[in-house]
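The structure appears below as C-alpha cells.
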Amino acid sequence: MSSLSLYDTLTRTTSAFVPLKAGEVGIYLCGATVQAPPHIGHVRSGVNFDILRRWLTKSGYNVTFIRNVTDIDDKILHKAVHEKAPWWAVAMKYERAFSDAYAALNVQPPTYEPRATGHITQMIELMALLIERGAAYAPGNGDVYLDVRKLSSYLTLSRQKLDDLQPAADADETNKKDPRDFALWKAAKPGDPSWPTPWGPGRPGWHLECSAMAKAYLGEAFDIHGGGLDLIFPHHENEIAQSESAGYAFAKRWMHNAWVTASGEKMSKSLGNSLQVAELLKTVRGIELRWYLGSAHYRSMLEFSHDALSESATAFRRIESFLTRATEILGSAPTPVISQGFSDAMNDDLAVPTALAGISEALRLGNSAITSGDKAVISSSANEIRGALEVLGCDPFDSAFATSGGADLTGALDGVIQLALAQRAAARDRKDFAASDQIRDGLAALGIVIEDTAQGPRWSISQISEK
RNA sequence: GGUCGGAUGGCCGAGAGGCGAGGCAAGGGACUGCAAAUCCCUCUACACGGGUUCAAAUCCCGUUCCGACCUCCA
C-alpha cells in the first residue's frame, strides 16, 4: 500500500505524512463561532476534515480529533443584543444548530469538542507563561497583548511581512508597544461577560482559546492543524505566535480547505449569498449534500449551484441504487473493501475526485454483472464501492442515514405492493397492458416506482425533491 | 500597495512534460409490450501571446480576466 502524502500550507508542498508518535494522530480543527446558523461553507470544512479523519482511521491510526466551539466573542455579544437574549443562550442555540447540521451530514463527533468558555483557566495559565517569558505584556488597562516583534517566525504561514500589515484597530493604540500587537485578553466592558484574571476582569481575545485548548488536549506538539483558508491570517498566525512564544512546537502540519463560492465569490453572511444547511436539507438528503460537498478536492473552490447539487444527488442515487439491488441479489449487505485504486487516490493528498472515477468504473462493472447475473462481480464491485463510500462518510447502510419507518412498516408495505405487482403480472401475461399500466401509474401516483428488471419487477420509494 | 490562488469541453470537475480521469447533459444503439433502470457507442477542452523541449493543458517569461487574505470569517 502506498503511503499517505498531504499538503502543508506552511511549506506549500505535498509531503509524506509521518506522525509524531507511531500509530497516533492528533488533529486540531478550528470549529465554528456559534453566532449564526451554519451555511454550507461551514460544513464543507467539517466534511473535508471528517474524510481526512476517516481515512487516517481506516489507515490504522488512532486519531484524536479536536474541534472547538467558540462560544464567546464580539459577534455573539452583538447577536445577543439583537435577539434580546443572554449571550450564552445565543451561543447554545447556534451550537445546537451546528451539531444538527454535522449530524445530518454524518460528520463524526470530534473526540473532544471543547468550548472556549470552559478553558479560561488554561488561557490564564498560557498568558502568565507568555508574560513570564517576556513574549506578552499587560499594560495595566486590563488588556493583555502579544509582542509580535519578539517572534521571528511570525507571519511565516501566510508569508507576509510585518511592515506590510495595517495596524489593528481593535484596541486602544496607546497601550500597545507596537500597533501590530494583538490582544490575548480584552478588559471587561460594562454589561459584557467577564472572568477574573491577575490583570483584571475581561474576556478572551480571538485567538487565545485555540492555543490553550490544543495544548490541553493534544499537548505541546501535534500532527495536523486544520481550518478554512481564511483562517491562515490572522487566526492561525496568531495561534502560532502564542504557542511558539510559549515554547511549544505546536502544529507540525497545516491544512486548509477552500471555499464554497456562489457566483464566483466566497460564501458569506455579509454578502448575503450564504446558503443555510437547514434550507438545503429540504431539497436533498443529508447523505446527498455530503456527497456533493465531499466530491470536490478539499483545496479546490466549490462553486455552488442548485443544478450542480441536484445532478450530484442524482449521481449518488445511481450508486445507492446499485448497492440496494446488489444487496437484494446477494441476500446480504456488501462488505466494505478498500481497493488499491481508492487507496492510492486517497493517499495522494485525499484525491477524492480521482477516487470517484474508480467508483464509477466499479459501478459500471457491477451494473453489467447484475444484467449478466455474475454474482462474484456484483459482490466485488459492491464491496469496493461500499468501502469507498464508508471512508467518504456516504455509506447508505450507515445507521446515521437510516430512514425512519422501520423494518416492520417496510415489510408490510412490501406485502401490499407485492399483491399489486401480482395483479400487474397477471395483466401482462394476458397482454392487458392498459390494466398493467394502470397499476404502475397508480403506484407511481403514491410515490412508488416500479421497474422491470431481469430478476423481475422491483419497487422503491421515489425521492422527489421539493423545490 | 503586500501576500496567495484560479481560468480545462454545453455544464460540473480531475490531471501537472508523452497514453484525451470521471460524472452530468446531448445524439445514436441494445434490452423492453411500453416505461424505468442498465449496458454499448459518439461528441467536445486546456484564457491569450511568446519561449524551452524530440514532445507543453502541464515548465519559463509576459498579458488579460476572476477571486481570496491584509485583525469578523469554514
Side-chain angles (χ1 to χ4, degrees), chain A residues 9 12 29-33 35-36 38-49 70 73-75 78 98 155 158-161 163-171 179-183 205-207 226-235 237-238 256-261 263-270 292 295-297 299-303 305 307-312 314-316 318 321-322 325 345 348 351-361 363-372 428 431-434 436-437 440-441 444 449-454 457-458 460:
Chain A
T9 306
R12 311 283 162 92
L29 173 64
C30 285
T33 298
Q35 49 94 19
H39 61 61
I40 55 170
H42 294 124
V43 291
R44 181 189 186 188
S45 180
V47 167
N48 285 158
F49 283 96
T70 301
D73 94 329
D74 288 343
K75 286 188 135 184
H78 291 151
F98 270 85
L155 303 182
S158 60
R159 302 196 173 182
Q160 298 179 96
K161 293 183 186 124
D163 292 335
D164 293 334
L165 291 187
Q166 299 299 311
D170 68 308
R180 267 95 29 157
D181 290 349
F182 62 89
W206 300 320
H207 316 292
L229 214 47
D230 53 349
L231 295 181
I232 294 174
F233 185 88
H235 185 58
E237 290 287 13
N238 290 354
H256 293 94
N257 66 278
W259 308 124
V260 178
T261 58
S263 305
E265 292 185 316
K266 170 184 172 183
M267 190 161 292
S268 99
K269 201 162 172 267
S270 55
Y292 174 69
S295 60
H297 188 93
R299 287 194 283 119
S300 295
M301 284 196 309
L302 178 62
E303 168 69 16
S305 78
D307 286 348
L309 174 60
S310 171
E311 282 178 10
S312 176
T314 303
F316 180 75
R318 263 189 91 217
S321 168
F322 165 69
R325 296 170 72 166
D348 181 16
V352 175
T354 304
L356 259 39
I359 292 179
S360 293
E361 170 76 6
L363 179 64
R364 198 168 49 75
L365 283 174
N367 274 322
S368 294
I370 285 181
T371 304
S372 66
R428 293 179 76 200
K431 307 254 185 249
D432 184 357
F433 297 120
S436 75
D437 287 350
R440 185 171 63 195
D441 293 345
V449 180
I450 302 303
E451 294 168 19
D452 293 316
T453 72
R458 66 186 295 272
S460 59

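In what follows, chains carry the letters A, B, and so on, assigned in the order in which the sequence lines appear, proteins first and then strands, with residues in each chain numbered from 1. Side chains included, hydrogens not; waters and symmetry mates left out as well; all remaining heavy atoms used.
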Scan nucleotides 3-6 of chain B against the protein and return all N/O pairs shorter than 3.5 Å with their distances rounded to 0.1 Å.
from: rU3(B); atom 1: O2'; to: Ser158(A); atom 2: O; distance (Å): 2.8

Is [X] touching bases, backbone alone, or none of the nucleic acid, heavy atoms closer than 4.0 Å?
X         : result
Leu231(A) : sugar-phosphate
Val260(A) : base
Ala258(A) : base
Gly227(A) : sugar-phosphate
His256(A) : nothing
Gly46(A)  : nothing

Where RNA chain B forms stems, i.e. three or more consecutive Watson-Crick or G-U pairs with both distances under 3.5 Å: B:1-7 with B:64-70, B:10-12 with B:22-24, B:26-30 with B:38-42, B:47-51 with B:59-63
Earlier contact from the 5' end, RNA chain B, for Phe433(A) and Leu29(A): Phe433(A)
Contact pattern, 5' to 3', of nucleotides 34-44 of chain B - B, S or - by protein heavy atom under 4.0 Å: BBBSSSS----
Pairwise C1' distance, rA16(B) and rA7(B) [rounded to whole Å]: 15 Å
rC61(B) versus rU3(B) - spacing of their P atoms, nearest Å: 15 Å
Under-4.0 Å side-chain N/O to phosphate OP1/OP2 contact, Thr33(A) with rA74(B): yes
OP1 or OP2 of rA14(B) under 4.0 Å from side-chain N/O of Ser300(A): yes
